[in-house]
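First listed ligand is number 1; within each ligand, the first listed atom is number 1. Computed from heavy atoms alone, side chains included, the values below leave out hydrogens, waters and symmetry copies. From a predicted model like this one, the values you see are computed outputs, not experimental measurements.
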Amino acid sequence: MTTLSLTGKDATTVAADALVLATTPATDGAGSASVLGADTLPAGVRRALESALPALGVKGTADEVVRVPSPEGVRAKVVVLTGTGRPGPKDQTVPDEALRRAAGAAVRTLAGHAHVVLALPTDTVGRVAAVAEGGLLGAYAYTEYRRRTADPSQAAVAKITLATSAHRDRGAKTAVARAHVLAEAVAATKDLVNCPPLDLFPARFAEIAQALGTEHGVTVTVLDEAALRKAGYGGLVGVGQGSSRGPRLVKMSYTPAGRAAGRKHLALVGKGITFDSGGLSIKPAAGMETMKLDMAGAAAVMHTVVAASRLALPVAVTGWLCLAENMPSGTAQRPSDVITIYGGRTVEVLNTDAEGRLVLADGIVAACEENPDVLVDVATLTGAQMVALGNRVSAVMANDDDLRDQVTRAAADSGEQFWPMPLPAELRSSMDSPVADIANIGDRFGGMLVAGLFLSEFVGTGADGETVPWAHLDIAGPAFNSGGAHGYTGKGGTGVAVRTLLTLAERLG
Ligand code: BES
Ligand code: ZN
Ligand code: ZN
């Protein structure tokens with residue numbers, strides 16, 4: 001993994017492969033871009049570079065990364081100018097997320113270089129955190145399956161030095177330690193999403209969870225297919241029965257050390273379909289290959305639990321990974337089959353491609369048996385999510401307005417885009433079944449909300465007899481970047497939801 005350290009040295013004296021500076025557009029839109037001041041950057045060097053910006057055509061816009069030869073007095077081999085885009089309209093300062101993206105875009109484009117020094121504005125601990133996170137998130141490459149085409153110029157930057165006069169600040173040091181844990185959790189989530197489904201199937205996923213549990217002090221229990229059948233987990237069994245590689249339910253519990261009194265308990269449930277062919281309601285061939293992403297929720301949950309343990313958060317976090325492979329075969333479930341979810345509700349399976357809600361229903365019922373204070377599920381659940389919000393904005397639905405707000409705030413503060421969506425009760429009747437308690441599909445319009453309403457039926461009551469506060473995150477589009485790289489986000493798996501969930505856990509503690 002990439003390491004990042006702080007230095008209080010003048011950034012121009014660091015013997016790195018590249019020195020990264022931030023540029024920003026002229027505020028009036030007409031003048032030339034400027035180089036953002038950094039307290040470790042001599043004013044002379046800044047002015048010299050700035051005077052060249054118009055001739056270089058540097059605009060300072062987001063995702064503009066320009067390499068220029070190092071001017072006199074700069075020890076790094078090359079200077080990289082990374083644009084932040086316009087400052088916020090209210091206070092005329094560059095938002096933390098713009099710095100995070102600018103740092104990430106630079107480090108991402110510098111793949112193949114060993115050592116990069118960042119000299120971006122770091123006048124607050126929040127900005128130190130943003131720059132550190134952006135740099136570490138941008139330092140990611142998935143090269144696991146390259147052999148003859150392995151290329152050193154694709155290797156992620158190995159070492160980042162962040163030049164800041166806050167290098168001795170305790171808050172800054174804590175922020176860097178947290179950024180490492182966070183970026184490693186996100187990178188590990190991306191690795192799992194990028195992994196071909198030939199090599200990542202439910203039993204393998206469960207093994208990975210067990211190994212991580214042993215390494216990081218998280219208790220892991222695994223139910224295999226026979227155990228699931230015996231205990232009545234009809235959703236996981238039904239979805240998994242078409243595959244030769246059976247389903248698993250993995251429970252990962254992180255319990256903080258010390259006194260238990262008053263400690264909160266966060267339960268996380270993740271959709272872990274290691275491949276979603278659609279089952280007998282098979283998907284069209286075009287685009288089916290992206291369905292290796294369908295375990296992104298479970299991967300995010302697993303690595304959030306690990307990160308919570310590594311950061312020793314004062315909150316109990318339990319992750320439930322609902323793992324199955326959705327395949328068509330002679331043993332697959334059929335449209336019109338009726339299955340019984342853990343706890344006893346029956347579901348008529350009218351479309352075997354609406355499988356995520358079936359495995360999540362089992363996980364949600366199981367999670368509620370422990371009376372958590374807060375329950376959040378994360379899933380690449382519906383194509384309708386992408387119709388509603390596109391590829392970069394995830395949806396939050398909830399049975400509790402405060403929790404929904406908490407999630408969107410945690411997301412915004414950590415640099416992920418989540419937007420609130422409703423659960424309109426009138427859509428429920430579209431899932432009425434002539435034979436079972438509920439059908440697994442309903443109105444096509446508002447398909448994301450229908451899926452959310454389906455899940456809401458399985459949220460149980462806590463110790464106080466009240467319904468458990470629950471939020472549902474649909475990350476179908478944002479989990480995988482099929483387009484071009486941008487900011488700190490490369491192609492492929494994005495690790496979305498890890499940062500939001502970890503921030504939420506921190507704030508519950
Ligand atoms: N895994 C898919 C949802 C998905 C689609 C995720 C595209 C990421 C990108 C899910 O299991 C699915 O197939 N949902 C169906 C539900 C429908 C049959 C009610 C869908 O959205 O089409
Ligand atoms: Zn599906
Ligand atoms: Zn799916």
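When distances from the Zn ion (ligand 2) to the N, O or S atoms of D276 are compared, OD2 comes out shortest. If you look at E355 and ask which of its N, O or S atoms sits nearest the Zn ion (ligand 2), the answer is OE1.
Not one N, O or S atom of A379 sits under 2.8 Å from the Zn ion (ligand 3). Note on D294: not counted as a metal contact of the Zn ion (ligand 2), no N/O/S atom lying under 2.8 Å.
Where the criterion is an N or O separation shorter than 3.5 Å, residue side chain and backbone included, T382 fails it with respect to ligand 1.
Counting heavy atoms closer than 4.0 Å to ligand 1, residue M386 contributes side-chain atoms (C-beta onward) but none from N, CA, C or O.
The atoms of ligand 1 that sit less than 4.0 Å from any heavy atom of K271 are 1 (N), 10 (C), 11 (O). Near E355, the atoms of ligand 1 lying under 4.0 angstrom from a non-hydrogen atom of the residue are 11 (O).
When only non-hydrogen protein atoms are considered, atom 21 (O) of ligand 1 lies nearest to G383 N, 2.7 Å. With respect to atom 18 (C) of ligand 1, the closest heavy atom belonging to the protein is N351 ND2, 3.5 Å. Looking only at heavy atoms of the protein, atom 15 (C) of ligand 1 is closest to D353 O, 4.1 Å. The nearest heavy-atom contact from the protein to atom 16 (C) of ligand 1 is R357 NH2, 3.8 Å. Nearest protein heavy-atom contact of atom 2 (C) of ligand 1 is D276 OD2, 3.5 Å.
Under the 4.0 angstrom criterion for non-hydrogen atoms, Q385 is not in contact with ligand 1. Ligand 1 has M291 within reach: a non-hydrogen atom of the residue lies less than 4.0 Å from it. Heavy-atom separations between L293 and ligand 1 include at least one value shorter than 4.0 Å.
A 6.0 Å sphere centred on NZ of K59 holds no more than 12 heavy atoms belonging to other residues, nucleotides or ligands. Within a 6.0 Å radius of OH in Y145, more than 12 heavy atoms belonging to other residues, nucleotides or ligands are found. For R392, the CZ atom sits in a loose shell: 12 or fewer heavy atoms of surrounding residues, nucleotides or ligands are nearer than 6.0 Å.
Evaluated by nearest non-hydrogen atom to atom 19 (C) of ligand 1, the leading choice among I475, L381, I441 is I441.
Taking CG of L321 as the reference point, atom NZ of K271 lies at 14.5 Å (rounded to 0.5 Å).
The main-chain N or O of T382 is found under 3.5 Å from a side-chain atom of D474 such that the two form a donor-acceptor pair.
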Worked check of side chain to side chain contact (heavy atoms under 4.5 Å, CB included) between L192 and I208 = CA-CA 10 Å; L192 288 172; I208 295 171; 3.8 Å; yes
Could you check V407 against L504 for side chain to side chain contact (heavy atoms under 4.5 Å, CB included), going step by step and ending with a plain yes or no?
-> CA-CA 7 Å; V407 172; L504 187 71; 4.2 Å; yes
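Partner M397 forms a side-chain contact (heavy atoms from CB on, under 4.5 Å) with one of L455, L449, L473 and no other, that one being L449.
Taking the centre and axis of the six-membered ring of Y140, the NZ or CZ atom of K190 falls inside the cone set by 45° and 6.0 Å.
Of all non-hydrogen atoms in M421 and R404, the two that sit nearest each other are O-CD, 4.2 Å. Contact between A185 and V498 at its shortest, heavy atoms only, is CB-CG1, 3.8 Å.
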